[in-house]
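In what follows, a single structure is set out as structure tokens and then discussed.
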Amino acid sequence: MERKPIIEIRSLSKTFRGKNAEVHALQDINLKIEQGDIFGIIGMSGAGKSTLVRCMNMLEIPTEGTVLFDGMDLSKLNRKQLREARRSMGMIFQQFNLLMQRTAEANICFPLEIAGVDKATAKKRAKELLELVGLSDKAKSYPSQLSGGQKQRIAIARALATNPKVLLCDEATSALDPNTTSSILALLKDINRRLGITIVIITHEMRVIEEICNRVAIISESKIAECGDVTEIFSHPKTPAAQHLVFPEGKHTTETFTGKHAIRIVFNGSSSFEPVIANMVLEYKSPVNILFADTKNMDGKAFGQIVIQLPEDESLADKMQRYLHMRGLTVEEVSGNVG
Amino acid sequence: MERKPIIEIRSLSKTFRGKNAEVHALQDINLKIEQGDIFGIIGMSGAGKSTLVRCMNMLEIPTEGTVLFDGMDLSKLNRKQLREARRSMGMIFQQFNLLMQRTAEANICFPLEIAGVDKATAKKRAKELLELVGLSDKAKSYPSQLSGGQKQRIAIARALATNPKVLLCDEATSALDPNTTSSILALLKDINRRLGITIVIITHEMRVIEEICNRVAIISESKIAECGDVTEIFSHPKTPAAQHLVFPEGKHTTETFTGKHAIRIVFNGSSSFEPVIANMVLEYKSPVNILFADTKNMDGKAFGQIVIQLPEDESLADKMQRYLHMRGLTVEEVSGNVG
Amino acid sequence: MWDESTLQMLLQGVGETLYMTLGSTLFAYIIGLPLGVLLVMWAADGIRPHPVLYKILDVIVNLTRSFPFIILLIAVLPFTRWLLGTTLGPTAVIVPLTISAAPFVARLVEGSLKEVDVGVIEASQSMGASALQIIWKVLLPEARPSLILNCAIAITTILGYTAMAGFVGGGGLGDIAIRFGYYRREEDIMLVTVVLLIVVVQVFQGLGLWIARRLDRRK
Amino acid sequence: MWDESTLQMLLQGVGETLYMTLGSTLFAYIIGLPLGVLLVMWAADGIRPHPVLYKILDVIVNLTRSFPFIILLIAVLPFTRWLLGTTLGPTAVIVPLTISAAPFVARLVEGSLKEVDVGVIEASQSMGASALQIIWKVLLPEARPSLILNCAIAITTILGYTAMAGFVGGGGLGDIAIRFGYYRREEDIMLVTVVLLIVVVQVFQGLGLWIARRLDRRK
Amino acid sequence: QSGGDAASGENADNSESKVIKVGASPAPHAEILEVASDILKEQGYELDVVEFSDYVQPNLALSEGELDANYFQHQTYLDNFNEEYGTELVSIGAIHYEPLGIYAGRTTSLDSLPDNATIAVPNDTTNEARALLLLQDQGLIEVDESAGLNATVKDITSNPKNIQITEIEAAQLSRILPDVDLAVINGNYAIDGGLKMSDALAVEESGSVATTAYPNVIAVRKGDENRPELQALVEALKSDTVKQYINETYEGSVVPID
Ligand SMILES: Nc1ncnc2c1ncn2[C@@H]1O[C@H](COP(=O)(O)OP(=O)(O)OP(=O)(O)O)[C@@H](O)[C@H]1O
Ligand SMILES: Nc1ncnc2c1ncn2[C@@H]1O[C@H](COP(=O)(O)OP(=O)(O)OP(=O)(O)O)[C@@H](O)[C@H]1O
Ligand SMILES: [Mg+2]
Ligand SMILES: [Mg+2]
């Protein structure tokens, strides 16, 4: 897969001007999204995620800065060119924005009609997509007759209909149960692999990022706090904002563990599935308690974190820590203020 | 806390009649929700969750069956009585349903106005609630100027405004990041404890159920698949539907583990935080590998699951399994078809 | 022809037009707004469905809308006289204008209210709002931009009807335009009158659009 | 009086009324619908904001709306004659009726389209829809229930105006009602005529509401 | 007739009132009254002209006491109205008459009138009858005699040329002339429309039925005949100043009656 930025954002700012107040929704954003990326955007509610994504296809006109799509400055395009550019970007909205007077099927046909695809082909594609999102039986239902999750799936199908180059997803799975989420994510990953489609995905669910993203940006208070590879950021979140998001339970567990020699072992994919903790226990003949664990096997590599409680014996605990270090694992003492 | 059913649903069915097709959204639902419960409802997209909750306050008139609220049959109430009953139920909608022409603050005041609370008191309460959901600075913003999560928080604040006896939440945290979710859940748990408010919560996030619910119902294809205490259902999901939801990753991990003596240890809160795995390793002097872990410390008890890979040696593996059994843990071989 | 009395007449015409138009609109809304609300409330998909009352009201509204204005005008003469003691002049014209415009307003209001999102109506129902509260606090405020736009339409339509005030010696710009332009063929006076009418319409329509946009919080 | 010629006249009146009303409505929509669409499109918050064109169109629409119908009727006589070769009869009345109703229709259409959710408009913009596509595939279909309701209002309003057709020998029920009921005091004929008018209005209004509800997929 | 008594009493019985409220048609009546108004002013009366673009309201308003007099109709119409509406209005003076004329449209002369020709006539009751009678006088049609001054198209008994009669609002007639073969137009409207009396192919002749049956009168409520201000009004309208004005302005389309 050739890697060149398909979306590049340069010192972008967006300010909403109200009657009394100004809201600086985005401030000096710089971002490169490479072709073929699955790019996650996370951040607290109101951080500016939706605004950022809306800037990517000029639904929101940036107050300052530029958005380059495929090398073109979107603000410099004429209307027709902008339309062309937008046709190669699919978008899933946080509020779905389905056409209320069209059936589910006709909603999926909508972008195809706009792109000038003939009726029969559009219908065939819609049928495929309905199957893909598991809603073949709802083809003739109107949005008002669909459940929240069903609406969202129709919105996803609609965004996929034209096989866009870029898919902008504003919380594409927030209304879906874990299983449906998994299958949608698998679907996204698949089209990303097969067709090289770039996906930008806003989400609140860390597992979504873990499962499919290769890069992630963390937005905090209108600014980019951190941006990089998922494995890196999820194992070494540097800024407090990132730590807060990546280890939301951090504080909670910390309270329970402090003063008991608790350490957090972070698996960032570098150690493969060898029984490192069990081996350590055997090596030092001393039990350790697993206080909290959240690990996952991704492509045969271990990711996630385990918080264990080392023995009371200071020197033994020290040795164990060194043992883990030597194994290439990141080890941190869990103290009061670690996120 | 006195325990009597505040909401009781008896053989309730709901069928939507379209032009051509009928949709049986709910079929023969029986459910008791006790006062003070935090009652979770989970199920796949389109299972009927929203419809069920909408039946609880008669926004959807059941096709068959009865809904008892505080002992009263809601369908037998006259208009005034139904209004009274509804006033003691707050509701958070999946689509928020905020009044577009009112500010955030005025939206929160709305149920208070309806209940006849005077302006000054209502404003004071709205201010409190805005603070509680972290949106004091958005008091004068209109819904169209709010982000998805901010709208949801206003919807939550609005539902809480009148201190209802029952809170019906249709995906109250789906648009919120983990941290905001946690603080909202803490808020809900707190009002549940302090005021004895019963909370019915539809969610797709298992951690929401784990974190605050004491009881849970699993809806699958319009019917209740399982219903009971959270600890029980989450450790021993009986029906495939429940297993599917509780261990959505099950299948995925299984693929990686099969044929390698992988077992799943389920912690259902009965074993406290003793280092059971480490002790076992020490006892049998043989390492085990942790393939997948998702455990949590709830009220000093361990919950969740760990999948470990036992040694190749059959007899040793057997012994280890027995060791774990004796410790009161649920142990299952991870084979192809376990959810 | 541009003597003082002509100017005087035009000035008075503007005053009478405004008086008749705004007066009729006011009363038409006082009657038509509640009717429109009731139409929406009693409709099959309304907040208090009532097929019988709905049908009765629906027919009454249609009935009043079916009368040609002149017929209506004489039909209500006794009523006008009883109410005002006279059937002449701008004030008297307000009576038939109101009666003719009220059902029109009712239909416009009905249309506006039907556009309110069912979701927010449900939300207020879930809070135990009474029909009156839903109308007052949800339907009307949420439909406000549309109501105001339609009000501008109603005003300009009623303004059009004031031209027929001449039938009962009502006066106003429309009447002047007809008397001079149509009957007397003094087309320069007509022209001025029409320009004045355009200005009046422009003001009302512009104001309506402006207020509607300013008060719309959806965008 | 219930001789054959009277019945004949009434029957013809119904025919002429329907002809003038539906004809004018049709043409009023052919002109007014695009104008309404353009008003929405060029507005400051529209999909192709264009302050200058908007203002021009806005003024033109207001201008036409400002003319009292009778003045408009005589003002367009030359045009009518040029177009049809005559200024008499129901067909000729359709011309001024259309011109008078088109801006009214434009305003009604404007009101309906302004109620379409901005979200879906944005969605279609994000798909690279052209202005024409947005209008054709989003604005009009999504506003359909409201457009139909307003169409019923337009039809009944235009029906009211046909009563003035008598000025140019247009005929129709309204004119009959005025000639016989009003000038000649044959009140039984008037009564029958008004009843016929009520039936016609009831049919159009009822049909409009019914279609609007049937085609509304939001509830 | 209920409830209006108080108001009408005030207007009607207050003979000290210097204001005379007269209902009139815009043209030519209101125009003529304007001239009379100056004369009356010298006598201390103020003329308040209320213009009606309709032929029913001014009689009803007069009958109800909202007007002191009206000036828009001819004698025949007044009689007819009294009968139909049960009012008691009387004439206190005939001021002028407006001879109807037949004017050329697409057809330039009466002789060259083709079969199936269209002739436009006024659409108000008595003017329509007048027009039909005028056409009868020209030998174009025959009208049922019993219908008299109420004749309508329905009363045509013989129509050898199969003439299509089209009823049009009186003031509109001069405007639609190009669209018909002939039109029967009230004199004043013809003048306003740029026509001359001399252009007419035929005119109601002076001294004919028209002058006796169609003189435009000042109508008042029965019993008010002798009110001095009303007498003054009639006098003013019959004054030489007014006559001169009428003759100069209307060039024969409006003819003062002595
Ligand atoms: N008004 C309606 N007309 C027809 N079918 C409907 C209607 N409302 C809901 N349904 C159908 O009823 C079923 C249950 O819907 P419901 O909204 O209760 O699902 P849900 O469990 O809340 O799903 P989700 O998690 O996606 O919100 C769905 O299949 C849906 O399509
Ligand atoms: N039209 C607007 N006018 C004023 N402020 C706005 C407008 N739209 C968004 N904002 C503000 O800009 C900020 C960023 O909004 P945005 O929708 O991008 O947040 P978000 O990161 O998507 O949040 P969420 O996760 O809750 O959806 C918020 O504080 C919001 O209130
Ligand atoms: Mg957002
Ligand atoms: Mg739902």
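Naming: A, B, ... by sequence-line order, numbering from 1 per chain. Everything numeric in this text was worked out from a predicted model, so none of it was measured.
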Segment of A:K140 engaging chain B (4.5 angstrom heavy-atom cut-off)
neither
Is it the backbone or the side chain of B:K49 that comes under 4.5 Å from a heavy atom of chain A, or both, or neither?
neither
Nearest non-hydrogen partners of A:S45 and B:Q150, listed with the distance
OG-N, 3.4 Å
For the interface with chain A, which of B:A175, B:S50, B:S141 has the highest count of heavy-atom pairs at distances below 4.5 Å?
B:A175
Who wins among A:Q145, A:R153, A:E205 for the most heavy-atom pairs under 4.5 Å with chain B?
A:R153
How long is the gap from CE on B:M206 to CG on A:D177, to the nearest 0.5 Å?
7.0 Å
Select one option (side chain, backbone, both, neither) describing which atoms of B:Q95 are under 4.5 Å from chain A's heavy atoms.
side chain
Segment of A:K151 engaging chain B (4.5 angstrom heavy-atom cut-off)
side chain
Rounded to the nearest 0.5 Å, what separates atom CE in A:M44 from atom CG in B:N179?
5.5 Å
May I ask you to name which of A:T180, A:T181, A:L176, A:I42 has the most heavy-atom pairs under 4.5 Å with chain B?
A:L176
Interatomic distance, NE2@A:H204 vs OG1@B:T173, rounded to 0.5 Å, equals 10.0 Å
